[in-house]
Colleague: 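Mind looking over this structure? Questions follow.
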Protein chains: 2
Amino acid sequence: MHRTRVHNLLVSSDGFAAGDEVTLDKPIGEAGALFAKFDGRVIHGIQGAGGPTTVDQAMFSMWGQGVGAEIMGRRKFGPQSGEWPGDGWEGWWGDAPPFQTPCFILTHYLRESIEFANGTSFHFVDASPQEALRLAQDAAGGLDVRIGGGPSTVGEFLQADLIDFLHVVIVPIVLGSGVRIWDHLAGLEHRFSVESVSTSSGLTHQLWNRKARQ
Amino acid sequence: MHRTRVHNLLVSSDGFAAGDEVTLDKPIGEAGALFAKFDGRVIHGIQGAGGPTTVDQAMFSMWGQGVGAEIMGRRKFGPQSGEWPGDGWEGWWGDAPPFQTPCFILTHYLRESIEFANGTSFHFVDASPQEALRLAQDAAGGLDVRIGGGPSTVGEFLQADLIDFLHVVIVPIVLGSGVRIWDHLAGLEHRFSVESVSTSSGLTHQLWNRKARQ
């Protein structure tokens, strides 16, 4: 059974998961504080941090486990909007993007795919969530598909009821503005079972598992 | 920095981590109840269970992350003692042992190495913990070494202060007898920082990280 998963979705106490404005200097807008206790070194395994190993790291490390493709929104890929400026932009991540799988970028503006030596490739698709998911599943080699964000993209997939597993990390800060994650999702808890655990860092990890579909 | 790690060490409330007697029928003696909430499907990643994903599974899944070799005691490998009976015993695990790395088995009775197609190999060594660790580190390809148990072996490595990371899972049952894990380790907490988290299953995960050595 192959699942569609969301990992490490950092959300403030007031429900914001990104800043309003994304610029070259601020890939996540004004919401950088969300990432203060996130450890990106462990997304492919706890050994990436070299120790000590925390419960937070164990939770963050699920990101790469058994994932064969990612779908992301255009704003996660870059700050541009509208037609691509033809400036050679290949994402925020340099020569070795952390994904190491095919990634499908949702955009109305198509362009050529980009491939990297580490297994990452970027494919630009103008597609509905359902269509994009089908493409990603075909590319995932029997593994799971990750919906990589940003929050608007995660919200669209949740509204379309395409998410099987959602790992939310509640960060005890108050941002006051930004991109809301819970809009248009009233009653989401009826479709999911939720397990929560809080750690010594102050973070709360919520694991939302989709109930069996009737 | 390469570490020596212990994972998923299941311990009863009264401190037992295995049964007294290991037989062909009972690989962990009378302590099978320790494993009632353990999910071995996720040791190489949460996708192994096919969902739903729990906090316990996230913790269990650290087992395989970044590990390049294992050291185990002879009793984990099989129920025999003394000279090997020459009966073709190759461990409990059939043709595809779950380790997928070189494994070093501590025994006074040497025998030929065994190799499996899935990357697992068994090497029999009559060595001190320090010597065995050196062999395992050489074989680990720059990754971490896991001390795989049983509890007597873990205890020896803890007493020799060779463990950098110890993941204990407290199982709220009372066994009354078996192999004790905490013997000869009084004051162990002074060498480690410990973080604990309890889950909805009733298990408590303790992450013991060795403090920096002076």
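A note on names: the letters A, B, ... follow the listed sequences, proteins ahead of strands, and every chain is numbered from 1.
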Colleague: Below 4.5 Å from any heavy atom of chain B, which atoms of S193(A) appear? Answer side chain, backbone, both or neither.
Modeller: neither
Colleague: Between I46(B) and chain A, which part of the residue has a heavy atom less than 4.5 Å away: side chain, backbone, both or neither?
Modeller: both
Colleague: Among Q65(A), M59(A), R210(A), single out the residue with the greatest number of heavy-atom pairs under 4.5 Å to chain B.
Modeller: Q65(A)
Colleague: Heavy-atom pairs under 4.5 Å with chain A - which of V42(B), T199(B), T54(B) has more of them than the others?
Modeller: T54(B)
Colleague: Between R3(B), R213(B), R5(B), which is the residue that forms a salt bridge (Lys or Arg N to Asp or Glu O under 4.0 Å) with D164(B)?
Modeller: R213(B)
Colleague: For chain A, which of G45(B), P52(B), G64(B) has the most heavy-atom pairs under 4.5 Å?
Modeller: P52(B)
Colleague: Going through the distances and angles, do I173(B) and F16(B) end up as a side chain to side chain contact (heavy atoms under 4.5 Å, CB included)?
Modeller: CA-CA 10 Å; I173(B) 60 173; F16(B) 297 105; over 6 Å; no
Colleague: Output yes when a side-chain donor or acceptor of D14(B) lies under 3.5 Å from a complementary backbone atom of L175(B), and no otherwise.
Modeller: yes
Colleague: So with a 6.0 Å cut-off around CD of E112(B), is the heavy-atom count from everything else above 12?
Modeller: no
Colleague: I'd like to verify something: which residue of V55(A), V197(A), L143(A) has the highest number of heavy-atom pairs under 4.5 Å with chain B?
Modeller: V55(A)
Colleague: Salt-bridge test for D161(A) and R191(A): reply yes if a basic N is under 4.0 Å from a carboxylate O, no otherwise.
Modeller: yes
